J.: 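Supplied in structure tokens, the structure appears directly below.
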Amino acid sequence: MFDIHNHILPGVDDGLKTIEGAIETLKEYKENGIETVFFTPHINHPTVNTDIEKIKKTYEELKPYCKEIGIKTYLASELYLQPNKNMGFVPLKDYFILIELPTKIYPMYLIDKIFDLQLEGYEIILAHVERYQWLQDNEKLIEKLKTMNVYFQMNLEYLEKDKYYLKSDLIDFIATDYHGKKRGPIDFSLFKKYENIIEKGKKILKL
Ligand SMILES: [Fe+2]
């Protein structure tokens with residue numbers, strides 16, 4: 001099993017703070033059958049300042065420990081799409097991008113930005129799809145995004161609350177979006193319960 005969205009890489013965003021904490025978390029992942037982890041620190045976020053060079057450096061520091069634990073890791077990022085900001089990011093497995101968006105107001109630039117990234121050869125994964133108020137119940141927009149081949153990721157804690165996306169088979173990935181203990185522990189049993197979605201994601205990412 002794998003996790004494509006988390007803030008375990010320590011000291012680089014609003015997620016985990018220490019390398020010890022990250023090691024402890026990764027050991028827990030391993031014990032619960034997660035063998036592959038994509039680290040996805042925030043990039044371009046309006047309120048969380050991050051530095052791509054620091055992210056890369058921290059990943060190099062953590063890598064040997066991951067190897068020791070026996071967990072396969074990749075560096076990626078969670079790119080906050082904004083209309084006019086620098087678009088530096090770390091793609092996920094070379095040509096996927098995990099994106100996040102404003103939650104309350106529809107980002108008018110959304111379709112254009114996605115299209116631009118797709119023209120550059122990237123495939124889009126929309127992080128925590130359940131969070132966007134402007135997308136909920138907007139079947140036309142959901143359908144449009146799906147027609148554009150945008151993949152949807154749902155956070156673990158929402159799986160049991162969802163009444164629409166799962167039933168309509170719209171979810172391609174589940175992930176923890178883990179920020180540390182402050183937001184509660186990870187319910188690893190959900191990975192097993194929703195294994196069909198894990199399998200779907202595995203095929204998309206060719207893992
Ligand atoms: Fe996140």
Side-chain angles (χ1 to χ4, degrees), residues 1-18 21-22 25-26 28-29 34 36-52 54-56 58-59 62 66 71 73-82 85-93 96-105 107 110 113-114 117 122-136 145 150-159 161-162 165 170-188 190-191 194 197-198 201 204-205:
M1 292 186 291
F2 63 98
D3 186 16
I4 58 154
H5 181 183
N6 59 77
H7 301 269
I8 294 173
L9 196 68
V12 295
D13 63 4
D14 59 343
L16 269 67
K17 296 281 170 259
T18 65
T25 304
L26 290 168
E28 215 183 314
Y29 267 58
I34 316 285
T36 306
V37 175
F38 296 86
F39 298 121
T40 53
H42 290 290
I43 283 195
N44 221 21
H45 194 283
T47 58
V48 184
N49 262 333
T50 52
D51 170 358
I52 213 163
K54 189 180 177 193
I55 287 170
K56 286 180 180 168
T58 308
Y59 178 58
L62 187 63
C66 303
I71 210 153
T73 59
Y74 295 89
L75 182 61
S77 57
E78 179 179 14
L79 174 67
Y80 195 108
L81 269 198
Q82 296 200 54
K85 272 190 82 180
N86 165 21
M87 294 277 285
F89 58 87
V90 185
L92 194 151
K93 234 180 154 250
F96 292 89
I97 312 180
L98 182 70
I99 63 159
E100 67 173 324
L101 297 159
T103 55
K104 291 193 175 71
I105 297 164
L110 176 62
K113 279 278 173 191
I114 290 177
L117 291 169
Y122 293 108
E123 296 205 39
I124 309 296
I125 304 171
L126 180 57
H128 35 61
V129 68
E130 69 277 8
R131 211 175 274 181
Y132 309 108
Q133 291 172 17
W134 43 265
L135 192 60
Q136 281 165 11
L145 292 174
V150 172
Y151 298 113
F152 288 174
Q153 177 257 309
M154 183 169 275
N155 281 3
L156 234 49
E157 74 267 11
Y158 195 78
L159 288 166
K161 295 179 198 149
D162 175 69
Y165 290 105
L170 291 165
I171 302 302
D172 306 290
F173 297 96
I174 58 173
T176 63
D177 194 11
Y178 189 58
H179 278 74
K181 287 177 184 150
K182 60 192 173 191
R183 294 193 192 174
I186 301 169
D187 183 354
F188 286 103
L190 292 169
F191 276 93
Y194 292 89
I197 303 176
I198 298 274
I204 294 166
L205 294 180

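We're numbering straight along the sequence, starting at 1. Note that these values count all heavy atoms, side chains included, but never hydrogens, waters or copies made by symmetry. Bear in mind the structure is a predicted one, so any value in this text is a computation, not a measurement. Atoms within a ligand are numbered from 1 in the order they appear, just like the ligands themselves.
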J.: Walk me through whether Tyr74 and Phe2 qualify under ring pair (Phe, Tyr, Trp, His ring centres under 6.0 Å).
T.: CA-CA 11 Å; Tyr74 295 89; Phe2 63 98; 9.9 Å; no
J.: Examine distances only and state if a side-chain atom of Gln153 and a backbone atom of Ile174 form a donor-acceptor pair shorter than 3.5 Å.
T.: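 Pair absent, no side-chain N/O of Gln153 close to backbone of Ile174.
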J.: Quick one: report the N, O or S atom of Glu78 that is nearest to the Fe ion (ligand 1).
T.: OE1
J.: Could you check which N/O/S atom of Asp177 is closest to the Fe ion (ligand 1)?
T.: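 Considering only N, O and S atoms, Asp177 comes nearest to the Fe ion (ligand 1) through OD1.
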J.: Report yes or no: do Thr176 and Asn6 form a side-chain donor-acceptor pair below 3.5 Å?
T.: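 Result is no, nothing qualifies.
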J.: Is the Fe ion (ligand 1) less than 2.8 Å from at least one N/O/S atom of His7?
T.: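 It does: His7 brings an N, O or S atom closer than 2.8 Å to the Fe ion (ligand 1).
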J.: Classify the ring geometry between Tyr165 and Phe152 as parallel (under 30°), tilted (30 to 60°) or perpendicular (over 60°).
T.: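 Answer is perpendicular, since the angle exceeds 60°.
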J.: Strictly under 2.8 Å, is the Fe ion (ligand 1) approached by any N, O or S atom of His5?
T.: yes
